[in-house]
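FYI, the numbering just counts along the sequence from 1. These numbers come from a predicted model, not from an experiment.
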Amino acid sequence: MTQLGPCGGGRAECQKLSHQSTSSLLITKYMYLRCTGGEVGATSSLAPKIGPLGLSPKKVGDDIAKATGDWKGLRITIKLTIQNRQAQIEVVPSASALIIKALKEPPRDRKKQKNIKHSGSITFDEVVAIARQMRHRSLARELSGTVKEILGTAQSIGCNIDGKHPHSVIEDINQGKIEVPSE
């Protein structure tokens, strides 16, 4: 009686199959990091995370700075996709980073200016555009709920929506005075 392996064939066949599948299998690792846009972060903080994967922390740091150039001076989350000892960088912006970018404030030196107040104003259409961008990360059932989440973030940042306080805009949405487009 021959002994069958987990693949249905003889033991030798299964060993060949498992060896082939692991060598052709591309292992993909995902890492999420918070960094300041447009700046090369400390390689000493990157080294323990990506060093064991066979990547150069200095090279990855330079790539991060290049990919986050549009977000200069803002704290953003990035997603590192590591496959075949190659790192791909994707910016995953937060609601607050998108709102601050919509305010079109000049880039600031975060070492010199602390606790800055974002007192500008953005339009309701920009809030809806940000909500559409953040829709996949929101737990709200409808787009109006996501818009309210973005308005709450705008309130905590300290900016206005069309010159009005964000909480009064939320109340107007709840009362039906402001219509939020569906999806």
Side-chain angles (χ1 to χ4, degrees), residues 28-46 48-50 57 60-83 87-174 178 180-183:
T28 306
K29 295 224 179 212
Y30 298 97
M31 251 180 236
Y32 290 88
L33 304 168
R34 291 276 291 169
C35 68
T36 304
E39 293 180 15
V40 179
T43 53
S44 59
S45 64
L46 277 175
K49 296 176 184 110
I50 62 172
V60 173
D62 292 340
D63 291 345
I64 289 171
K66 200 181 306 172
T68 59
D70 296 344
W71 303 87
K72 205 168 201 70
L74 296 175
R75 293 282 292 166
I76 53 166
T77 306
I78 57 159
K79 177 182 176 183
L80 273 176
T81 306
I82 300 162
Q83 187 176 38
Q88 292 175 325
I89 294 133
E90 182 184 335
V91 177
V92 185
S94 62
S96 58
L98 288 167
I99 291 170
I100 293 169
K101 190 174 182 184
L103 285 169
K104 296 176 182 77
E105 293 179 344
R108 62 185 180 90
D109 186 11
R110 64 187 179 97
K111 291 183 178 85
K112 292 178 184 161
Q113 295 173 316
K114 302 267 188 215
N115 302 327
I116 191 164
K117 295 282 182 232
H118 304 284
S119 57
S121 183
I122 59 175
T123 64
F124 187 71
D125 293 334
E126 288 177 311
V127 171
V128 173
I130 291 169
R132 283 201 171 106
Q133 202 171 346
M134 297 292 293
R135 183 74 183 110
H136 68 282
R137 291 172 63 184
S138 171
L139 296 175
R141 267 188 259 150
E142 297 173 6
L143 184 65
S144 62
T146 309
V147 168
K148 290 177 196 175
E149 288 178 5
I150 301 301
L151 288 168
T153 306
Q155 181 178 346
S156 70
I157 286 175
C159 70
N160 293 328
I161 311 308
D162 292 324
K164 293 164 64 177
H165 193 269
H167 202 273
S168 63
V169 177
I170 292 173
E171 289 171 356
D172 289 347
I173 291 172
N174 289 339
I178 295 177
V180 178
S182 61
E183 300 305 315

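- Annotation for V169 and L151: closest pair CG1-CD1, 3.8 Å, computed over non-hydrogen atoms.
- A donor-acceptor pair under 3.5 Å is formed between the side chain of S121 and the backbone N or O of G163.
- Counting heavy atoms from C-beta on, the side chains of T28 and I82 never come closer than 4.5 Å.
- In terms of heavy atoms, P57 sits closest to I50 at CA-CD1, 3.7 Å.
- In this structure, I122 and L103 have side chains that are in contact, with non-hydrogen atoms separated by less than 4.5 Å.
- Annotation: side chain of L80 is not in contact with side chain of K49 (no heavy-atom distance under 4.5 Å).
- Tested against R135 for a side-chain contact (heavy atoms from CB on, under 4.5 Å), the candidates V147, L143, I130 yield a single pass: L143.
- Between the CZ atom of R132 and the CD1 atom of I150 there is a distance of 12.5 Å, given to the nearest 0.5 Å.
- Taken from CD1 in I173 to OG in S144, the straight-line distance is 7.5 Å, to the nearest 0.5 Å.
- Note that NZ of K79 is 13.0 Å distant from CD1 of I89, once rounded to the nearest 0.5 Å.
- The two atoms that bring I99 and A154 nearest to each other are CD1-N, 3.7 Å, heavy atoms only.
- Among D63, V91, L74, the one residue that satisfies the side-chain contact (heavy atoms from CB on, under 4.5 Å) test with T68 is V91.
- Taking each heavy atom of R75 and A97 in turn, the nearest pair found is O-CB, 4.3 Å.
- Of all heavy-atom pairs between P166 and C159, the closest is CG-O, 3.3 Å.
- In this structure, CG in D125 is found 11.0 Å from CD1 in I161, a value given to the nearest 0.5 Å.
- The number of heavy atoms from other shown groups lying within 6.0 Å of NZ (K66) does not exceed 12.
- In this structure, T123 contributes its side chain and E126 its backbone to a donor-acceptor pair below 3.5 Å.
- Here the OG1-NZ distance, from T81 to K29, works out to 13.0 Å after rounding to the nearest 0.5 Å.
- When all heavy atoms of Y32 and T77 are compared, the pair lying nearest together is CD2-CG2, 4.2 Å.
- Note that the CD1 atom of I78 and the CH2 atom of W71 stand 13.0 Å from one another [nearest 0.5 Å].
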